[in-house]
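Structure first, commentary second.
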Amino acid sequence: MEEFRKKKLEELAKSQKHVYKYEFESPYFIHEIREKYEKEPRKDKIVVKATVKRVSKLDDGFVLRIASSSGLEMLAYTKESFEPNKTYNIEGILSRVDEKLSLIDAKVSTNEPNTTIDDIKKEFDLDPNFEDVSIAGRLVALRSMGKAIFGHIQDFSGKLQIYIKKDVVGDEKFKFVEDFLDVGDIIGVKGKLFRTHTGELTVEVFDIELLTKALNNMPEKWHGIKDVEIKYRQRYLDLIANESSRKVFVLRSKIIKALREFFDKNKFMEVETPILQPIASGATARPFITYHNYLESELYLRIAPELYLKKLIVGGIPRVYEIGKNFRNEGVDTTHNPEFTMVEFYAAYWDYKKLIKFTEELFDYLIEATNIDKVHTENGIINLKPPFRVAKFFELLEEKTSKDKKFFLHHEEELKKFAQELGIPRAYTLPKAKLIEKVFEYTVEDELVQPTFIIDFPKILSPLAKTHREDDELVERFELYINKKEIANAYSELNDPEDQAKRFLEQKLQKATGDEEAMETDDDFVEALKYGMPPTAGEGIGIDRLVMLFANVDSIRDVILFPATRKIE
RNA sequence: GAGCCACUAGCUCAGCUGGUAGAGCAACGGACUUUUAAUCCGUGGGUCGGGGGUUCAAGUCCCCCGUGGCUCACCA
């Protein structure tokens, strides 16, 4: 804790000023105020004549503060080196970065100026005309100029400059600000909006109030929080300091909201099924175990909601979806968190072909909602706009290995040998189903960068999927791969109770031969099927991975607010 | 679970073959009424992740432990 701040707190208490206020009238978020007076540029390429006032180094290039002859300023992001105090014709793409009008990809231009900073400002930064505002936020910067003080307040939606003049707020208030306010404090201000001569939207403050004192120092303003350990364990600091992080979680919220809208629009009903389950089935994964004192029995945190949702289809709900967490007791890495969010949905009278179309419609909807239809990854530009490629599981395998379906399903010894040659560890001890999966991973997965539906999986990999109508050894199932990651998994649901019982039995046998992740038998589910489940298709989409895709981040921990971390001793 | 790498001021980072622990921002004192990574002058700040060892001397070399990252294994 900061000693000086503590002292300020004590002094304030002595003078009977409340340091932790109860409320403040603040009808708008900061972004709503900015929205009124700031138009979004359309990313046109422009050329302006400007003088470079300051050059600041970034990790990747420079930021320039450039000014017109009349003194209006804007920022320019560049990779080229510019000399301060020189005048250039600068071209770049007009956009808004960190709330400020900026040129991106700026460079020295041989073209004549086609506009001026003054004209641009007039068009996109409107005159607020001294509107009265009352607004609260965290003080994130404070620059004292003697008898005037500039600062910035920030809320989750944005940042706004404040300007405190001694002869406007009065000697007493001004001294209070000088003596007691620190960067990090939560404050409320009342004042009127104007633009400074460099054009920044600013509140000229006539009243200012300390609402909450911050005792700890804030993270550094320029570099933000980089230490991933602090980012994950103290996410609030990450959210205060890093705009990029705020953006990711806003995007996540947008995506989940869009999913709900999309399902609601398509007449799906949202439900909740148990997280504490007596049998952890519906997927192949190891569960967390917990204990219920009253029932005197072990319970599992669910690894999938699948079987419960299908029971609801039996119960007559024609279309259901659930957005919620699954828990899997497995390793943690950049694509796996022990608890993760999925949407699972089931529709009676549909089959997996209908789901392919439906999934494409869903992506169309997400593209519209997020305004993102392409992502630039290290694997190249991924185009998220449907329609997507459709490819058969065994055809892809055959393309890469020149071995056919028969080889994989009926020549186990040779398959083992082949797997060994591919470098798959412990090839001789793995069960056949695992081997096929592994070979697929080793040979095909790397090429699945653009969105691809892989269809028609082998039956032995899919104990809950319906047998393929044209091939008894396959099931009607697809997985959607994007950027080498599985994003969705879907199938025509198996609704023959006897077949289902048989498949569970096969899983049991696999478990007996050492496959720890083989699926648990759920007799209640088989019982439900005996009452008749209409033909149904179902799908699960990993929301964390979906957000990773749209946000273009590499680690699942960057899209989960509080990812799993080890306890610090 | 295995291998490699990292951990230094509140934050971001320097610190070579062992020789009195550094910078920028933040903080503290001062100047400045349109600044904006403000500027200018001055000041304080450290169990170098923890523990042990080698040495006249360890942030630096060795061993153990902790946390994290990457790769692999496991897994969606």
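Numbered from 1 within each chain, the chains take letters A, B, ... in sequence-line order.
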- request: Check the distance between B/G69's C1' and A/Ile556's CD1 and give it to me in whole angstrom.
  value: 17 Å

Nearest listed nucleotide, side chain of A/Ser56, among B/C28, B/U35, B/A37: B/A37

query: Where the side chain of A/Asn217 is defined as all heavy atoms beyond and including C-beta, which of B/C28, B/G68, B/A26 is the nearest nucleotide?
result: B/A26

field: Sugar-phosphate only, base, or nothing, as touched by A/Tyr481 at under 4.0 Å among non-hydrogen atoms
entry: base

task: Verify the distance criterion only: is there a donor paired with an acceptor across the side chains of A/Gln420 and A/Arg426 at less than 3.5 Å?
output: no

message: From C-beta outward on A/Arg233, which listed nucleotide comes closest to its side chain: B/G69, B/C74, B/U67?
response: B/U67

- request: Taking atom types as modelled, find out whether A/Ser492 and A/Glu476 have a side-chain donor-acceptor pair closer than 3.5 angstrom.
  value: yes

field: Rounded C1' spacing from B/G49 to B/U60 in Å
entry: 16 Å

message: Can you see if the side chain of A/Tyr442 gets near the phosphate of B/C72 - specifically, an N or O under 4.0 Å from OP1 or OP2?
response: no

- request: In whole angstrom, give me the gap between the P atoms of B/C64 and B/A2.
  value: 13 Å

query: Side chain of A/Asp155, backbone of A/Gly158: donor and acceptor closer than 3.5 Å?
result: yes

field: Interatomic distance, A/Asn216 CG vs B/G10 P [rounded to whole Å]
entry: 11 Å

- prompt: Using the benzene-type ring in the case of Trp, are the ring centres of A/Phe363 and A/Phe388 under 6.0 Å apart?
  reply: yes

- prompt: If you find the nucleotide of RNA chain B closest to A/Pro425 and the one closest to A/Arg143, which residue's nucleotide is nearer the 5' end?
  reply: A/Arg143

Exercise: do A/Thr51 and A/Arg65 side chains pair donor with acceptor under 3.5 Å: no

Whole-Å P distance, B/G3 and B/A73: 16 Å

query: Checking all strands, does A/Asp182 fall into the base, sugar-phosphate, or nothing category for heavy-atom contacts under 4.0 angstrom?
result: sugar-phosphate

query: According to a strict under-4.0 Å criterion, is A/Arg54 in side-chain N/O contact with OP1 or OP2 of B/A37?
result: yes

Sugar-phosphate only, base, or nothing, as touched by A/Lys53 at under 4.0 Å among non-hydrogen atoms: nothing

Test side chain to side chain contact (heavy atoms under 4.5 Å, CB included) applied to A/Thr273 and A/Arg302, step by step: CA-CA 10 Å; A/Thr273 62; A/Arg302 75 168 170 212; 3.3 Å; yes

Atom-pair distance (CD on A/Glu330; P on B/G1), nearest Å: 16 Å

query: Looking only at side chains, do A/Asp544 and A/Asn337 share a donor and an acceptor under 3.5 Å apart?
result: no

query: In whole angstrom, what separates A/Arg5's CZ from B/A27's P?
result: 7 Å

query: Which part of the nucleic acid, if any, lies within reach of A/Lys165 when heavy atoms closer than 4.0 Å are counted: base, sugar-phosphate only, or nothing?
result: base

- prompt: Mind checking the P distance from B/C28 to B/C72? Whole angstroms is fine.
  reply: 48 Å

A/Arg557 vs B/G69: side-chain N/O to OP1/OP2 distance below 4.0 Å: yes

message: I'd like to know if A/Gln161 reaches the base of B/U35 with its side chain such that a donor and an acceptor end up less than 3.5 angstrom apart.
response: yes

task: Could you check which nucleotide pairs with B/A57 in any of the strands shown, counting Watson-Crick or G-U wobble with both distances under 3.5 Å?
output: none

- request: To the nearest 0.5 angstrom, please state how far the CD1 atom of A/Ile275 sits from the OG1 atom of A/Thr290.
  value: 12.5 Å

field: Touch class at under 4.0 angstrom, heavy-atom based, for A/Glu445 against every strand present
entry: base

message: Taking B/C48 as the reference, what is the distance to B/G10 when you measure between their C1' atoms (whole Å, please)?
response: 16 Å

Can you give me the N/O atom pairs linking the protein to nucleotides 11-15 of chain B at distances under 3.5 Å, or say none if there are none?
unit_1 : atom_1 : unit_2   : atom_2 : d
B/C11  : O2'    : A/Glu220 : N      : 3.4
B/C11  : O2'    : A/Gly224 : O      : 3.3
B/U12  : OP1    : A/Lys226 : N      : 3.1
B/U12  : OP1    : A/Asp227 : N      : 3.0

- line: From the candidates B/G68, B/A73, B/U34, the one with an atom nearest any side-chain atom of A/Thr196 is B/U34

message: Quiz question: by atom type and distance under 3.5 Å, do the side chains of A/Glu539 and A/Tyr352 form a donor-acceptor pair?
response: no

message: Measuring from the side chain of A/Lys434 (C-beta onward, heavy atoms only), which nucleotide among B/C75, B/U33, B/G68 has the closest atom?
response: B/C75

- prompt: Applying a 3.5 Å limit to both distances, which nucleotide forms a Watson-Crick or G-U wobble pair with B/G3?
  reply: B/C70

field: Value in whole Å for how far the P atom of B/A37 lies from CD1 of A/Ile66
entry: 13 Å

- request: When you get a sec, tell me which of B/A37, B/U33, B/G68 is the closest nucleotide to the side chain of A/Lys100?
  value: B/A37

- request: Taking the six-membered ring for Trp and the single ring otherwise, decide whether the centroids of A/Phe478 and A/Phe453 are under 6.0 Å apart.
  value: yes

- request: Check the distance between B/G10's P and A/Gln234's CD and give it to me in whole angstrom.
  value: 13 Å

query: Mapping A/Ala148 and A/Arg545 onto RNA chain B by nearest heavy atom, which one lands closer to the 5' end?
result: A/Ala148

query: Does A/Glu200 offer a backbone N or O that forms a donor-acceptor pair with the side chain of A/Thr202 under 3.5 Å?
result: yes

message: Using OP1 and OP2 only, check whether a side-chain N or O of A/Arg566 sits under 4.0 Å from B/G68.
response: yes

- prompt: When you measure from the side chain of A/Lys438, which nucleotide among B/C75, B/C28, B/U34 comes out closest?
  reply: B/C75

task: Measure from CD1 on A/Ile149 to P on B/U39 and round the result to the nearest Å.
output: 17 Å

- request: Go through the steps to decide whether A/Asp118 and A/Lys121 satisfy the test salt bridge (charged side-chain N to carboxylate O under 4.0 Å, His left out), and finish with yes or no.
  value: CA-CA 5 Å; A/Asp118 299 49; A/Lys121 291 261 178 178; over 6 Å; no

statement: As its Watson-Crick or G-U partner within any shown strand, both distances under 3.5 Å, B/G22 has B/C13

- request: Would you mind pulling out the nucleotide paired to B/G46, Watson-Crick or G-U wobble, both distances under 3.5 Å?
  value: none

- request: Look at the side chain of A/Lys147 and decide which nucleotide, out of B/C32, B/C74, B/U34, has an atom nearest to it.
  value: B/C32

- request: Find out whether the Lys NZ or Arg CZ of A/Arg477 is both under 6.0 angstrom from the six-membered ring centre of A/Phe457 and within 45° of the ring's axis.
  value: yes

Paired nucleotide for B/C32 [Watson-Crick or G-U wobble; both distances under 3.5 Å]: none

- request: Could you work out the separation of B/G24 and B/C63 based on their C1' atoms and round it to a whole Å?
  value: 36 Å

message: Rounded to whole Å, how long is the line connecting atom CZ of A/Arg65 with atom C1' of B/U39?
response: 13 Å

message: I'd like the P distance from B/U20 over to B/A57, given in whole Å.
response: 15 Å

- prompt: For RNA chain B, which residues in residues 333-346 of chain A have a heavy atom at a distance below 4.0 Å?
  reply: A/Asp333, A/Thr334, A/His336, A/Phe340

- prompt: What does A/Glu437 touch in the nucleic acid at a heavy-atom separation under 4.0 angstrom: a base, only the sugar-phosphate, or nothing?
  reply: nothing

message: Using a heavy-atom cut-off of 4.0 Å across all strands, would you classify A/Lys231 as base, sugar-phosphate, or nothing?
response: nothing

query: Crowded around A/Lys192 NZ? As in, over 12 foreign heavy atoms under 6.0 Å?
result: no

